[in-house]
Colleague: 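Okay, handing you the structure first.
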2 protein chains.
Amino acid sequence: MTRVSKRDQIVEAADDLFYRQGFDTTSFADIAGAVRISRGNFYHHFKTKNDILDSVIAARLANTRAMLADWQVRGDSPAARIGAFIDILLTNRDKIERHGCPVGTLATELAKLNHGAQADAAAIFTLFRTWLRRQFDQMGQGARADDLALHLLARSQGIATMMTAYRDPDFLRRERDALHDWLDGLAPPPTHR
Amino acid sequence: MTRVSKRDQIVEAADDLFYRQGFDTTSFADIAGAVRISRGNFYHHFKTKNDILDSVIAARLANTRAMLADWQVRGDSPAARIGAFIDILLTNRDKIERHGCPVGTLATELAKLNHGAQADAAAIFTLFRTWLRRQFDQMGQGARADDLALHLLARSQGIATMMTAYRDPDFLRRERDALHDWLDGLAPPPTHR
DNA sequence: GCAAAACTAGGACAATTGCCCTAGTGACTC
DNA sequence: GAGTCACTAGGGCAATTGTCCTAGTTTTGC
């Protein structure tokens with residue numbers, strides 16, 4: 001009957017709630033209510049709150065991997081693929097304005113909580129980092145590729161934070177354009193054409 | 001006897017705890033324990049948790065104003081003053097790596113909580129924004145001054161977030177240098193010398 | 001068609017939450 | 001020296017927290 005297993009439903013609901021409200025703020029009751037399960041029933045699926053967090057992070061890792069693989073196939077040049085990364089800020093504008101970047105805000109919250117899963121959360125960043133590094137490498141940036149990847153990640157995170165604080169569409173457009181200009185300026189001058 | 005009033009002690013302790021643990025995670029008991037006061041006694045000073053938050057934000061606004069005024073006096077050129085802003089990332093490196101930027105993380109957390117004081121938290125950003133805008137204006141950037149101020153704020157926020165995720169001193173150094181280069185590149189080519 | 005496994009509801013648990021009240025202390029003013 | 005004030009401790013409030021148990025009901029595999 002259930003197309004998706006109850007466990008996956010719980011993880012999905014927890015993922016959403018952790019993003020919208022934060023990990024610590026979200027209670028068992030919140031998640032149970034979201035999937036219409038009694039609170040006691042919860043224990044059957046997850047022993048502790050940290051178990052849920054682990055599963056949510058694992059799900060985010062899997063989803064991110066899938067998204068990056070998709071971008072890898074769709075974009076027909078490394079620069080175009082990096083462009084797709086930059087444009088998530090536009091695509092998810094509404095959510096980011098209200099709840100920040102899901103990757104950055106989770107990493108920061110877990111750091112504040114001094115939570116053991118902090119390293120796992122940072123691994124989501126590393127997924128993007130490695131993927132971006134490969135694109136920059138294919139653009140011929142060689143040794144600089146990883147630095148550029150980290151730089152772009154930082155730029156995106158900063159834009160996301162300021163989007164949350166100000167919700168200014170002009171700012172977002174300017175910064176997006178600046179990132180694309182930066183990206184274009186990186187490529188060695190084309191010899192053809 | 002008390003050099004600082006108990007109320008100010010509470011605000012100071014709450015400020016620190018809100019930064020290190022987050023607002024929602026910090027309880028009355030935490031703050032009361034930090035200033036060695038009984039939990040019940042707390043009510044005499046602050047009626048609600050939001051009252052404390054308001055006072056903490058007010059204190060942060062005042063402290064930020066004082067810091068900016070200090071930078072204004074000490075730096076002998078607008079570029080030097082902006083340089084001082086950039087270098088807080090180095091100065092506060094340890095704290096930022098563990099708890100993020102106090103301004104950005106509070107704004108983001110309040111956004112997630114859908115908290116009424118979110119605008120007040122953003123006002124701390126505006127303090128920096130206005131101050132930076134004035135510096136860029138004095139550098140002759142005119143109409144671009146506010147855009148540059150926001151851009152620099154975003155860059156700093158992004159660096160702070162990645163510092164928290166990775167704690168990589170090389171990354172921090174590279175990004176700091178890049179910001180200084182960016183700043184130097186902004187100035188119209190000097191005619192004297 | 002039966003036994004094991006998956007799932008469910010309902011409630012209990014000790015602890016903690018934000019909030020509130022009362023009764024008291026000491027210092028200050030007139 | 002009476003009265004006001006800032007401050008304090010201790011406790012109580014209902015609600016919620018994460019965790020856990022028991023006792024049922026489905027679903028599944030053989």
Colleague: Polar atom pairs between nucleotides 4-6 of chain C and protein, under 3.5 Å, N or O only, would you list them?
Modeller:
none

Colleague: Does A:D15 have any salt bridge (Lys or Arg N to Asp or Glu O under 4.0 Å) partners at least two apart in sequence or in another chain, and if so, which?
Modeller: A:R60
Colleague: B:W71 vs B:F85 aromatic rings, parallel, tilted or perpendicular, using cut-offs 30° and 60°?
Modeller: perpendicular
Colleague: Hey, what's the ring geometry for B:W182 with B:F136, parallel, tilted or perpendicular (30° and 60° as the breaks)?
Modeller: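 Because their plane-to-plane angle is over 60°, the rings of B:W182 and B:F136 count as perpendicular.
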Colleague: Round to a whole Å and report the spacing from NE2 of A:H45 to C1' of D:dT26.
Modeller: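 After rounding, the gap between these two atoms is 13 Å.
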Colleague: Hey, can you tell me if B:F125 and A:Y166 have their rings parallel, tilted or perpendicular (30° and 60° cut-offs)?
Modeller: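 Because their plane-to-plane angle lies in the 30° to 60° range, the rings of B:F125 and A:Y166 count as tilted.
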Colleague: Once you round it to whole Å, what is the distance between P of D:dC7 and CZ of B:F46?
Modeller: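 It works out to 11 Å between those atoms.
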Colleague: Could you state the atom-to-atom distance from NZ of A:K47 to C1' of D:dG18 in whole Å?
Modeller: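 Going from NZ in A:K47 over to C1' in D:dG18 covers 14 Å.
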Colleague: Report the nucleotide, chosen from C:dG10, D:dA9, D:dT19, that has the shortest atom-to-atom distance to any side-chain atom of A:T48.
Modeller: D:dT19
Colleague: In whole angstroms, how far is the P atom of D:dT16 from the CD1 atom of A:I31?
Modeller: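 That distance rounds to 16 Å.
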Colleague: Could you say whether B:S38 or A:N50 is positioned toward the 5' end of DNA chain D, judged by the nucleotide with the nearest heavy atom to each?
Modeller: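 So the residue in question is B:S38.
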Colleague: Output all residues satisfying salt bridge (Lys or Arg N to Asp or Glu O under 4.0 Å) with A:D147, sequence neighbours left out; order by chain, then residue number.
Modeller: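 Salt bridge (Lys or Arg N to Asp or Glu O under 4.0 Å) list for A:D147, sorted by chain: B:R174.
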Colleague: If the plane angle is over 60° it's perpendicular, under 30° parallel, otherwise tilted; pick one for B:F23 and B:H115.
Modeller: perpendicular
Colleague: Take A:R134 and A:D137 through the salt bridge (charged side-chain N to carboxylate O under 4.0 Å, His left out) test and state the conclusion after the steps.
Modeller: CA-CA 5 Å; A:R134 197 190 323 157; A:D137 192 49; over 6 Å; no
Colleague: Are side-chain N/O atoms of A:H45 and A:D51 paired as donor and acceptor at under 3.5 Å?
Modeller: no
Colleague: Which residue is it: A:H151, A:Q141, A:R129? I am looking for the one with a side chain to side chain donor-acceptor pair (under 3.5 Å) to A:D146.
Modeller: A:R129
Colleague: Rounded to the nearest Å, what distance is computed from the CZ atom of residue A:R36 to the P atom of nucleotide C:dA9?
Modeller: 11 Å
Colleague: Show the distances under 3.5 angstrom between N or O atoms of the protein and N or O atoms of nucleotides 13-17 of chain C.
Modeller:
unit_1	atom_1	unit_2	atom_2	d
C:dT17	OP1	B:S27	OG	3.1

Colleague: Reckon B:N41 has a side-chain N or O less than 4.0 Å from the OP1 or OP2 of D:dA9?
Modeller: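 Affirmative; the distance criterion is met.
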Colleague: Roughly, in whole Å, what's the span from CD in A:Q9 to P in C:dC7?
Modeller: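 Computing the A:Q9:CD to C:dC7:P distance gives 11 Å.
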Colleague: With no hydrogens and no angle check, do the side chains of A:T105 and B:K112 hold a donor and an acceptor under 3.5 Å apart?
Modeller: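 Side-chain D/A pair, A:T105 to B:K112: present.
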Colleague: Pairs counted only when both distances fall under 3.5 Å, Watson-Crick or G-U: show me the 5' to 3' dot-bracket for DNA chain D, [ ] for pseudoknotted crossings and | for other-strand partners.
Modeller: ||.|||||||||.||||.||||||||||||
Colleague: When you check the phosphate oxygens OP1 and OP2 of D:dC20, does a side-chain N or O of A:Y43 lie under 4.0 Å from one of them?
Modeller: yes
Colleague: Roughly, in whole Å, what's the span from CG in A:L17 to P in D:dG18?
Modeller: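 After rounding, the reported distance stands at 12 Å.
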Colleague: Whole angstroms only, please: what is the CD1-C1' distance between A:I10 and C:dC7?
Modeller: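 Computing the A:I10:CD1 to C:dC7:C1' distance gives 10 Å.
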Colleague: If the condition is salt bridge (Lys or Arg N to Asp or Glu O under 4.0 Å), which residues does A:R167 pass it with, not counting sequence neighbours?
Modeller: none
Colleague: Which comes earlier along DNA chain D counting from the 5' end, the contact point of A:F23 or that of B:I37, where each point is its nearest nucleotide?
Modeller: B:I37
Colleague: Are A:I10 and A:Y43 linked, directly or through intermediate hydrophobic residues, by side-chain heavy-atom contacts shorter than 4.5 Å (ILVMFWY only)?
Modeller: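 A:Y43 and A:I10: separate clusters.
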